[in-house]
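Whatever order the structure lists ligands and atoms in, that order sets their numbers, starting from 1.
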Amino acid sequence: MCGIVGYRGREGAREILIDALRRLEYRGYDSAGIAIWNKGTVRLARRQGKVSDLAEAIEADGFDGPMGLAHTRWATHGVPSERNAHPHTAADITVVHNGIIENYLELKETLKGQGHTFTSDTDTEVIPHLIASLLSKAGSFEGAVRSALRMLKGSYAVGVIREGEDILIAAKKESPLLVGLGEDGEHIIASDAPAIINRTNRFIFLEDGDIAVIRKGDLKITNLDGDEVTREVRSVQWSGAMAEKGGYRHFMLKEIFEQPRAISDTLIGRIEEEEGEVFFEELDLPDIAKVRKIWMVACGTSYHACLIGKHIFEANLRIPVETDIASEFRYRDPILDRNDLVILVSQSGETADTIAAMKEVKKRGLHTLAICNVLGSTLSRECDGVIYTHAGPEIGVASTKAFTTQVSVFFMLMIYLGKRLNVLDSDDARRLIGELRKIPHKIQTILDASSSIEDTARENMHYRHFLYLGRGINFPTVLEGALKLKEISYIHAEAYAAGEMKHGPIALIDENMPIVFVSPRDQTYKKTCSNMEEVLARNGKVLLFTDDARHDMAKRIDALFVVPESIYELQPILSVVPLQLMAYHMANLLGTDVDQPRNLAKSVTVE
Ligand code: M6R
């Protein structure tokens, strides 16, 4: 979704803003723009296309100054085009915005009636017009911004500057925005920490209703009534280098290869194998003995992690778990009991649907627990408890290490709860922790032996449709494998529980339909072998991912990739890795934009 950055400091804003825009590219965008303020004059440039096009366009101009705003736009209202790109201006006001102004049509009509002329199709353009229209009544720039924000319905993170005034104003409601505190009194606003982590590691995460007023070397935060508020300064354990490609062709590939490290970081300090104990310092949970049902709610890949979490929890804790897609959960009036525990899972912690689900749950007085990767994100701040995944910044739009670390957290949480509910004893916990500890090394062996996956990708990349089949805990694994393939290669991939094949998808099978099977040696092994037989009988191609090098079907199928063995609950963490790699290689060979696939945004901050 849209990315915002703003700067007020000693150095020229131009290069800093363009660099931050490049770091925001991963969020997904179709156009970009920049506004530079110098001695009261504002100069603006906007381009449809890449940040590099914008950088090139302003290169010759040379205009620079100590303050500015910049933006990457992901179209919601109005097609991707230069005139719809941000910043938007009216009179001497310049605005960048992320979010959706729900009452923009109404405001636009009123403003038009007052003689304002609009030049874009966006909802955003009403904001500078509204501020400009309120200037004389409010008596100050800051007052006019405050009055305008009070009139907006919907969500916003905004940066606002004005010609002739050395002030940068930032405000947020339901869209993420932070203020970075740099050297020499410099202040940088941004949609997320990775955008500016190279300049500072000290952040203030703005809360809904906050208005940050930045003057040279000075920051004041107030609420919408103008009362000053104090916000904590926080640091993240991420470095600028972690948000770089580090020699890899794409962030996605880097992040796939980072998984052994990411999972080790997720486990570090939290497991004690000898004692059979799991620790979560930051955890705040209700009386577990009273919990009759657990909910796991999320979107996309994080939802797939929840589906695996359900298997892990139910198999060991024997507590019913209900999983739900956040955008469904929030509108279906779920039957919640006050003693239920609701776990919300999100890499970014900024996914609008997941946050809305969390708010719904909190409104009904239930306890909420976040599993989240981004420190200080809205979800992590607003849930009653949080477990961070410590995967490090995930920049590739296709989620990889976030998924395997989320599943690792579910597994640890299961042990933690199992001990407290007395359904697991120390021997059980020791055995389970021992298996978990082996996972990073096992993933490393998969990665070391992964060159054949590129060959499989090359042999199959010309097919336009794939079917992914798995059973039990590996049904979510194939859902995730198919999601990876479609989002980055634009190849149609559908995942089914293997047992469902004969209830419909079997009609699709012929020599043009590769079927990806995930079939480790678990209780459904023989059943999945029968499914493979049925595919082969119809000339379908079988690509098999298993932990069994002597798989019954090994000699009769088209491709075989063997992952190490593990226990049932942890097998998906291993099986998903070659699926991530196969999707990556197909997309890379097809020449798509792997890290920023078309139409997608890394963090979906609007509904
Ligand atoms: O940040 P979140 O985990 O809340 O994001 C949820 C989904 O938008 C995300 O997993 C999406 O499906 C990814 N592009 C999948 O690779």
Engineer: Of all the heavy atoms in Val397, does at least one lie under 4.0 Å from an atom in ligand 1?
Structural biologist: yes
Engineer: Check each atom of ligand 1 against the heavy atoms of Ala398 and keep those under 4.0 Å away; list them by number with element.
Structural biologist: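 Contacts of ligand 1 toward Ala398, numbered from 1: 16 (O).
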Engineer: Would you mind checking if Lys172 and Asp210 are paired as a salt bridge, meaning a charged N to carboxylate O distance below 4.0 Å?
Structural biologist: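 Here Asp210 does not pair with Lys172 in a salt bridge, since their nearest N and O are not under 4.0 Å apart.
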Engineer: Among all the protein's non-hydrogen atoms, which is closest to atom 5 (O) of ligand 1, and how far away is it?
Structural biologist: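 Of the protein heavy atoms, Thr351 OG1, 3.4 Å lies nearest.
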Engineer: Nearest protein heavy atom to atom 8 (O) of ligand 1, by residue and atom, and its distance?
Structural biologist: Val604 CG2, 4.0 Å
Engineer: With the threshold set at 4.0 Å, does a side-chain nitrogen-carboxylate oxygen contact exist between Asp208 and Arg381?
Structural biologist: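 So Asp208 does not pair with Arg381 through a salt bridge.
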Engineer: Measure from NZ or CZ of Arg231 to the centre of the six-membered ring of Phe205, then state whether that distance is under 6.0 Å and the direction lies within 45° of the axis.
Structural biologist: no
Engineer: Where does the angle between the aromatic ring planes of Tyr468 and Phe466 fall among parallel (under 30°), tilted (30 to 60°) and perpendicular (over 60°)?
Structural biologist: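 Tilted.
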Engineer: Output the list of atoms in ligand 1 that are nearer than 4.0 Å to some heavy atom of Ser302, sorted by atom number.
Structural biologist: 2 (P), 3 (O), 10 (O)
Engineer: Give the residue, atom name and distance (to 0.1 Å) of the protein heavy atom nearest atom 6 (C) of ligand 1.
Structural biologist: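 Its nearest protein heavy-atom neighbour is Cys299 O, 3.4 Å.
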Engineer: Does any N/O atom on Ser399 come nearer than 3.5 Å to any N/O atom on ligand 1?
Structural biologist: yes
Engineer: Based purely on interatomic distance, does Glu487 place a nitrogen or oxygen under 3.5 Å from a nitrogen or oxygen of ligand 1?
Structural biologist: yes
Engineer: State whether Glu322 and Arg332 are salt-bridged, where the test is any N-O pair (Lys NZ or Arg NE/NH1/NH2 against Asp/Glu carboxylate O) under 4.0 Å.
Structural biologist: yes
Engineer: Just to confirm my output: which protein heavy-atom neighbour is closest to atom 12 (O) of ligand 1, and how far is it?
Structural biologist: Gly300 CA, 3.3 Å
Engineer: Between Glu394 and Lys401, does any side-chain N to carboxylate O distance fall below 4.0 Å?
Structural biologist: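 Lys401 and Glu394: not salt-bridged.
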Engineer: Among protein heavy atoms, which lies nearest atom 9 (C) of ligand 1, and at what distance?
Structural biologist: Thr301 N, 4.1 Å
Engineer: In terms of residue, atom name and distance, what is the protein heavy atom nearest to atom 1 (O) of ligand 1?
Structural biologist: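 That would be Ser348 OG, 2.7 Å.
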Engineer: Determine the sole option in Val374, Ile197, Leu24 for which the side-chain contact (heavy atoms from CB on, under 4.5 Å) test with Asp192 is passed.
Structural biologist: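 Of the listed residues Val374, Ile197, Leu24, the side-chain contact (heavy atoms from CB on, under 4.5 Å) partner of Asp192 is Leu24.
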Engineer: Examine the proximity of ligand 1 to Lys602 and report which part, side chain or backbone, both or neither, has a heavy atom under 4.0 Å away.
Structural biologist: neither
Engineer: For the residue pair His86 and His71, does the interplanar ring angle fall in the parallel (under 30°), tilted (30 to 60°) or perpendicular (over 60°) class?
Structural biologist: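 Answer is parallel, since the angle falls under 30°.
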